[in-house]
Amino acid sequence: MLRDQGIDVDVVSTSQDAVDAAGDGRPATVVVGNSDLLTDSAARRLLEGTRGADRVVFLDGAPGVLLSLDLGLSVGLPAERPAAADCSLPWVAGGDRVTHLSWAIVPSDEARRDGARGCFPTGSDDPALPSGFAAVEVPAGPDHAAVTVVGMPDAATNRFVTEADNAGLVVRLLGGSPHLVWYHPDDEDATANPSTTDASVWPEWVGPGMVVLALAFVAFALARGRRLGRLVPEPLPVVVRAAETTESRAELYRASGDRDRAARVLRLATTGRLATRLGMSAGAPADEVAPVAAAAAGLPPADVDRLLRGPAPADEQGLVTLAQQLAHLEEKVRTS
Amino acid sequence: MALTTRAAALLLLGLVPVVLRPAGSTVWAWLLVWLVVVGADLLLAVSPSRVRMVREGEALQVRLGESVTTSLVLENTTGRTARGLLRDGWPPSAGTRPARHRVSVPAGERRRVTTTLVPTRRGDRAADRVTLRLAGPLGVAARQRSVQVPGRVRVLHAFPSRKHLPSRLAVLRELDGRAAVRTRGQGTEFDSLRDYVEGDDVRSIDWRATARRRHLVVRTWQPEQHRRIVIVIDTGRTSAGRVDDAPRLDAAMDAALLLTALAGHARDRVQVVAGDRRVHARITGADRATLLHDVISTLAPVDPQLVETDWSVLASEVTRSTHRSLVVLLTPLEPAAVEEGLVPVLPALVAHHRVVVASVSDPVLDRMRDARDGSQEVWGAVAAERTASLRRGAASALGRLGVDVLDAPPEDLAVRLADHYLALKREGLL
């Protein structure tokens, strides 16, 4: 709409571009439409770079950065809907009305003395506090061009611009110069101009406090780390389990897998114990022990004879069975 | 010097000024204040070197498993109260309780600090340094010093078989007068005459005395006395093997102690030798009253050595005296060690003495032998059977040489040996 009226509109997304666009010699108006991604350093840079421009407009009141711009303006909530313009600025007509007010811009006493003028007073919750306005204009100073802060971000959107007198106000405000720079900061701009106020999320004493904590930790470590006298050496005893040789022997037997010999050892041991138990000499041969043991245990003599004198087991499982049967035979003889 | 946790807390208090005045300089100023406070406290602390320490009871003795106390007397020679911590340093197995003491000795006074020792292993334990840490008046810094205050505790064998001593002594008393009945003559000594009472063996009636006294008189006999008994304890590598988490040597000592106590009561002369390649302990029971104590105390620091026992060295200890003796060899029946080391020296011993070999067997072998559930267990059982048969072979080889062999698990060996001794005594075979 502004282009139709012969106004040159540039849309930029960084403060540097905005400064460059505004400084091309033509009288320009710089508009910040959305200040969500506007950092304080980007805003200061914008103000510094556009000293030669006609006007800088913050359409949405720029609540995040307004305080840090040192314009003597602050942001509050509007207490009531403004009735009339009640001011004489070139872009405001006497009977204008506004809607969709989001913020009330409150100039300080000092700013008022320096010539800041407000339009559309919104009153104040507390009579002691100064009244806010829907729009405040700060005249050009040595550091910046004239700045207009408007607390109606919704008024210039396509949805509401046709309501009340919004359209007229906005067009008059932005159409005051032949060149309009529409500055819409993006995240790259925010990264290029890092905020200097973000650090203040932490209280100031946190840094030194961490140093104190670290020092205290070091002192604590020193206090606890100091031994009360040296370590006393202990003459350690020799630790050898007596059964170790037998266990190693078992591993050797297992590794060699000599079932023939294993069966012979087991049978010999059982035969010897049975012979002693049955009143025979300990070295009695198996063929003499077998019938006596069979009679004592009440088992068939042939089975006992095969158990004590049979062939070597064919596999590992056979050896296990043989060992268990021998133990069973001894048990039988013992309990008979 | 030493800092205390209070010093760290004091440094932490620096957060207050830092919050009130958040700046780096505040931190440095606080650190400076802290350093000054710590330094001043350190300067004002009593010097530990001016506290004299003396140990009461330098050489202690305690039976393993019991507790003993050792005391340090602290004398503060300064004009200020000495406050702080004291640690009486002992090796870990001395079992010190508590580990550190809080001490406070007023100016010019003395205080006694008592540490309880519950040793966990047999042997000698020497006290290490005593460390004294005395804090300054604010308690943020302390001065620390360690000094040697001599002390020693001898941890004696627990002698668990001593509970069997009363019953064996009763058997010994029973031998009085009765031993003669079985074997008259050899190995018995005439004691006295007394009146016949019903039940006495008629063979012990002294007819000559009866004729004189006109009523029946019997002779009484007492068991042989003043026999020489030599107990040889093998401390070589085979004695280091652990059975039920105690070395075989401990069980062997237990048996030796019970036999010493019993033989001492029976008025026999007991000699104990412990050694491997050289003799580590030698007790000749000259003084019967202190015999058991001497043995228990001399054997206390003897530990198993990882060397092969040289039996000729130990045998020469036995053959020093030509008196016929009962020689008890406490050594494990390890077939190879027995065959190569012990068997060669035995004939010379057996020729002059009665020799008994007492060995500690391992109950684990019996368990291995009986476990036949799976393949692995069966191979273990085979190995255990083989070991048992080798031990039997070694035992019968010793038996053929005329040696009595006792092979018993640790808790039974002492009783078995004592009973064997009583049996020999009963039969007058010493």
Side-chain angles (χ1 to χ4, degrees), chain A residues 203-209 211-213 215-254 257 261-263 265-266 268-270 272 282 316-317 319-320 322-324 326-327, chain B residues 2-5 7-9 11-12 14-15 18-19 22-24 26-27 30-31 85 87 89-93 100 121 123 128-131 133 144 146 240-243 247-248 303-304 306 332 360 362 364-365 368-370 372 374-376 378-389:
Chain A
E204 260 188 272
W205 52 267
V206 167
V211 176
V212 170
L213 270 180
L215 287 172
F217 180 77
V218 169
F220 183 76
L222 286 176
R224 295 311 300 254
R226 178 84 161 103
R227 271 184 192 290
L228 193 59
R230 66 179 180 187
L231 287 175
V232 185
E234 170 80 27
L236 282 176
V238 182
V239 178
V240 192
R241 296 200 311 108
E244 249 173 22
T245 47
T246 307
E247 280 158 10
S248 316
R249 195 197 296 274
E251 281 307 309
L252 281 178
Y253 279 168
R254 203 171 137 80
R261 181 179 166 76
V265 167
L266 287 176
L268 201 63
T270 298
E316 194 98 351
Q317 188 52 45
L319 182 67
V320 173
L322 175 71
Q324 286 167 349
L326 286 172
Chain B
L3 292 176
T4 65
T5 46
L11 201 50
L12 201 60
L15 282 178
V18 162
V19 168
T26 317
V27 176
W30 184 258
L31 191 62
L85 291 171
R87 168 175 173 255
W90 289 83
S93 68
R100 44 178 66 190
R121 279 199 298 118
D128 201 69
R129 296 176 178 179
V130 175
T131 306
R133 179 187 287 182
Q144 178 171 324
S146 295
R242 282 177 177 253
V243 175
R248 278 180 165 143
D303 274 327
L306 287 185
V360 182
D362 191 348
V364 170
L365 286 192
M368 278 175 78
R369 206 169 58 184
D370 294 339
R372 298 185 171 187
S375 164
Q376 188 163 4
V378 166
W379 286 113
V382 171
E385 294 281 20
R386 180 76 186 135
T387 305
S389 101

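Just so we're on the same page: letters track the sequence lines, and every chain starts at 1. Every value quoted in this text rests on a predicted model; they were computed, and no experiment measured them.
- Applying the salt bridge (charged side-chain N to carboxylate O under 4.0 Å, His left out) test to residues at least two apart or on different chains, the pairs with a partner in residues 238-251 of chain A are A/Arg241-A/Glu247.
- Contact annotation for A/Val239: both backbone and side-chain heavy atoms come within less than 4.5 Å of a heavy atom of chain B.
- Proximity to chain B (any heavy atom under 4.5 Å) is shown, for A/Glu204, by both the backbone and the side chain.
- With a threshold of 4.5 angstrom between heavy atoms, B/Pro92 approaches chain A through its backbone and through its side chain.
- By the side chain to side chain donor-acceptor pair (under 3.5 Å) test, B/Arg242 pairs with no residue at all, sequence neighbours left out.
- Summarising the geometry, atom CG belonging to B/Leu11 is positioned 13.0 Å from atom CZ belonging to A/Phe220; distances are rounded to the nearest 0.5 Å.
- The main-chain N or O of A/Ala323 is found under 3.5 Å from a side-chain atom of B/Arg372 such that the two form a donor-acceptor pair.
- Summarising the geometry of B/Ser146 relative to A/Gly229, their closest heavy-atom pair is OG-CA, 3.9 Å, with the distance given to 0.1 Å.
- Taking all atoms of both residues into account, the shortest heavy-atom contact from B/Pro91 to A/Pro233 is CB-O, 3.9 Å.
- By the 6.0 Å contact criterion, CZ on A/Arg226 is enclosed, its count of non-hydrogen atoms from other residues, nucleotides or ligands being greater than 12.
- Proximity to chain A (any heavy atom under 4.5 Å) is restricted, for B/Asp362, to the side chain, taken from C-beta onward.
- For the atom pair A/Arg227 CZ and B/Arg133 CZ, the distance stands at 11.0 Å (nearest 0.5 Å).
- Taking chain B as the reference chain and counting heavy-atom pairs below 4.5 Å, the highest number among A/Ala242, A/Ala327, A/Ala250, A/Ala269 is found for A/Ala242.
- Ranked by heavy-atom pairs shorter than 4.5 Å toward chain A, the options B/Met368, B/Arg87, B/Gln376 are led by B/Arg87.
- Residues A/Leu228 and B/Gln144 meet the side-chain proximity criterion, which asks for heavy atoms closer than 4.5 Å.
- The shortest distance between side-chain heavy atoms of A/Pro237 and B/Arg121 falls below 4.5 Å.
- Side-chain contact between A/Thr246 and B/Val364: absent, with no pair of heavy atoms (C-beta onward) separated by less than 4.5 Å.
- Shown here for B/Ser375 and A/Val320, the closest heavy-atom pair between the two residues is CA-CG2, 3.7 Å.
- Residue contact with chain A, scored on non-hydrogen atoms closer than 4.5 Å, involves the backbone and the side chain of B/Val382 alike.
- A/Arg254 touches chain B through backbone and side chain together, each having a heavy atom under 4.5 Å away.
- At least one side-chain heavy atom of A/Leu319 sits less than 4.5 Å from a side-chain heavy atom of B/Trp379.
- The backbone N or O of A/Ala262 lies less than 3.5 Å from no partner atom in the side chain of B/Arg386, so there is not a single donor-acceptor pair.
- Contacts between B/Trp30 and chain A at a heavy-atom distance below 4.5 Å are absent for every atom of the residue.
- If you measure heavy-atom distances from B/Leu365 to chain A, the contacts under 4.5 Å come from the side chain alone.
- With a 4.5 angstrom heavy-atom cutoff, B/Ala388 does not touch chain A via any of its atoms.
- Heavy-atom distances place both the backbone and the side chain of B/Leu15 under 4.5 Å from chain A.
- Each of B/Ala23, B/Pro247, B/Pro304, B/Gly24 has some count of heavy-atom pairs under 4.5 Å with chain A, and the biggest count is that of B/Ala23.
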